[in-house]
Amino acid sequence: MSSSQAERIGCAEARRQTGLWQAFARSVRNNILGEIGVQLVRIGGMVVLARALAPADFGLFRVLITITTIVMIINEFGVPDTLVQRRDLRADHESTAAWANLAITTLTAALLYAGAPLIAQAMAMPALPPAQRLLCLPLAFEGLAAVSTARLTRRLDFGRLAMAEVTAELAFVVVAIALLAAGLPRWSLAGGLAARLCGHAFT
């Protein structure tokens, strides 16, 4: 290899390293800004809702959050991590992951819907089944977004991921307060949670 070729290779490698560093720096900045935005919206919304809702409503909300977290872990089935960590990602890998996600999310949504009375009975929460069933379709949408999330993560496109988080939190607050204003306080938190999942998935 001639010295000129070595210099060109060295320059190309230096540019690649610089590009990676700049992408990393942008991702850190976007994550910080996104997290600040999420927390501001969340705190402001919760202050308004806490003044209008009963403690029992927040107890139901915490149970729904727990169920949502468990179902999302099952729906993702390790797909985003697998796609992000692959050295070479092809279209057929993404297609396989998307079909697997579709099968898993359909199954979990059906089980969540059918099993709502059993979960409510086990937890002695009669108000749980309608709220839990409301989340079935939004949870399926969120599960199907796993491949898109993995693609954005591979690109270090954390700006869009941060935008999805902020959009989701805004959707939660807007829908929860709208349901509260419409005279449906018992549905406000569950409806807001469903809107948060849909907002994040579609963004």
Side-chain angles (χ1 to χ4, degrees), residues 34-81 100-146 148-149 161-203:
E35 187 61 28
I36 291 172
V38 166
Q39 294 304 325
L40 288 175
V41 174
R42 181 174 296 166
I43 292 170
M46 282 300 176
V47 167
V48 174
L49 294 170
R51 292 172 62 87
L53 297 174
D57 296 324
F58 285 92
L60 176 63
F61 180 61
R62 296 309 303 174
V63 172
L64 292 175
I65 288 284
T66 302
I67 292 172
T68 298
T69 302
I70 294 170
V71 172
M72 285 173 60
I73 292 172
I74 296 171
N75 281 351
E76 289 184 352
F77 204 61
V79 166
D81 292 337
N101 265 134
L102 176 61
I104 294 167
T105 53
T106 302
L107 178 61
T108 54
L111 291 174
L112 195 63
Y113 190 92
L118 294 176
I119 296 174
Q121 185 178 359
M123 302 191 68
M125 297 184 71
L128 183 60
Q132 180 177 318
R133 285 172 169 169
L134 177 66
L135 298 178
C136 291
L137 198 57
L139 280 168
F141 290 148
E142 181 72 355
L144 292 174
S148 299
T149 301
L161 294 173
M163 183 188 300
E165 295 289 342
V166 175
T167 302
E169 211 58 44
L170 282 171
F172 170 83
V173 171
V174 170
V175 171
I177 293 177
L179 289 171
L180 190 62
L184 299 169
R186 298 300 299 271
W187 284 99
S188 62
L189 292 174
L193 182 56
R196 176 191 287 170
L197 293 168
C198 289
H200 186 268
F202 288 125
T203 303

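As the structure is a prediction and not an experimental result, all values here were calculated from the model. The figures here come from the full heavy-atom set of this structure, side chains too, leaving out hydrogens, waters and symmetry mates.
Residues passing the side-chain contact (heavy atoms from CB on, under 4.5 Å) test with Leu107, sequence neighbours excluded: Leu111. For Pro130, the side-chain contact (heavy atoms from CB on, under 4.5 Å) test picks out Trp187, with sequence neighbours left out. Residues satisfying the side chain to side chain donor-acceptor pair (under 3.5 Å) criterion with Thr68, sequence neighbours excluded, are absent altogether. Listed by chain and number, the residues in a side-chain contact (heavy atoms from CB on, under 4.5 Å) with Thr69 are Ile65, Ile73 (sequence neighbours excluded). Scanning for side-chain contact (heavy atoms from CB on, under 4.5 Å) contacts around Val63 gives Ile67, Met123, Met125, Leu128, with sequence neighbours left out. Every residue two or more places apart in sequence or in another chain that forms a ring-ring contact (aromatic ring centres under 6.0 Å, His included) with Phe202 is listed here: Phe141.
A salt bridge (charged side-chain N to carboxylate O under 4.0 Å, His left out) check over residues 166-194, counting only residues at least two apart or in different chains, returns the pairs Arg42-Glu169, Asp57-Arg186, Glu169-Arg196. Every pair tested for salt bridge (charged side-chain N to carboxylate O under 4.0 Å, His left out) that includes a residue from residues 62-80 fails, sequence neighbours excluded, so the list is empty. Evaluation of the side chain to side chain donor-acceptor pair (under 3.5 Å) test over residues 108-129, restricted to residues two or more places apart or in two chains, returns Asn75-Thr108. Sequence neighbours left out, the pairs with a member in residues 45-69 that pass ring pair (Phe, Tyr, Trp, His ring centres under 6.0 Å) are Phe61-Phe172. Applying the salt bridge (charged side-chain N to carboxylate O under 4.0 Å, His left out) definition to pairs two or more places apart or across chains, none involves residues 113-142.
Taken from CD in Glu165 to OG1 in Thr203, the straight-line distance is 10.0 Å, to the nearest 0.5 Å.
At least one donor-acceptor pair under 3.5 Å links the side chain of Ser188 to the backbone N or O of Pro185.
For Ala195 against Val175, the heavy-atom pair with the smallest separation is CB-CG2, 3.4 Å.
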Walk me through whether Leu64 and Leu135 qualify under side chain to side chain contact (heavy atoms under 4.5 Å, CB included). CA-CA 9 Å; Leu64 292 175; Leu135 298 178; 3.9 Å; yes
Please walk me through it: do Thr66 and Ile70 pass side chain to side chain contact (heavy atoms under 4.5 Å, CB included)? CA-CA 6 Å; Thr66 302; Ile70 294 170; 4.1 Å; yes
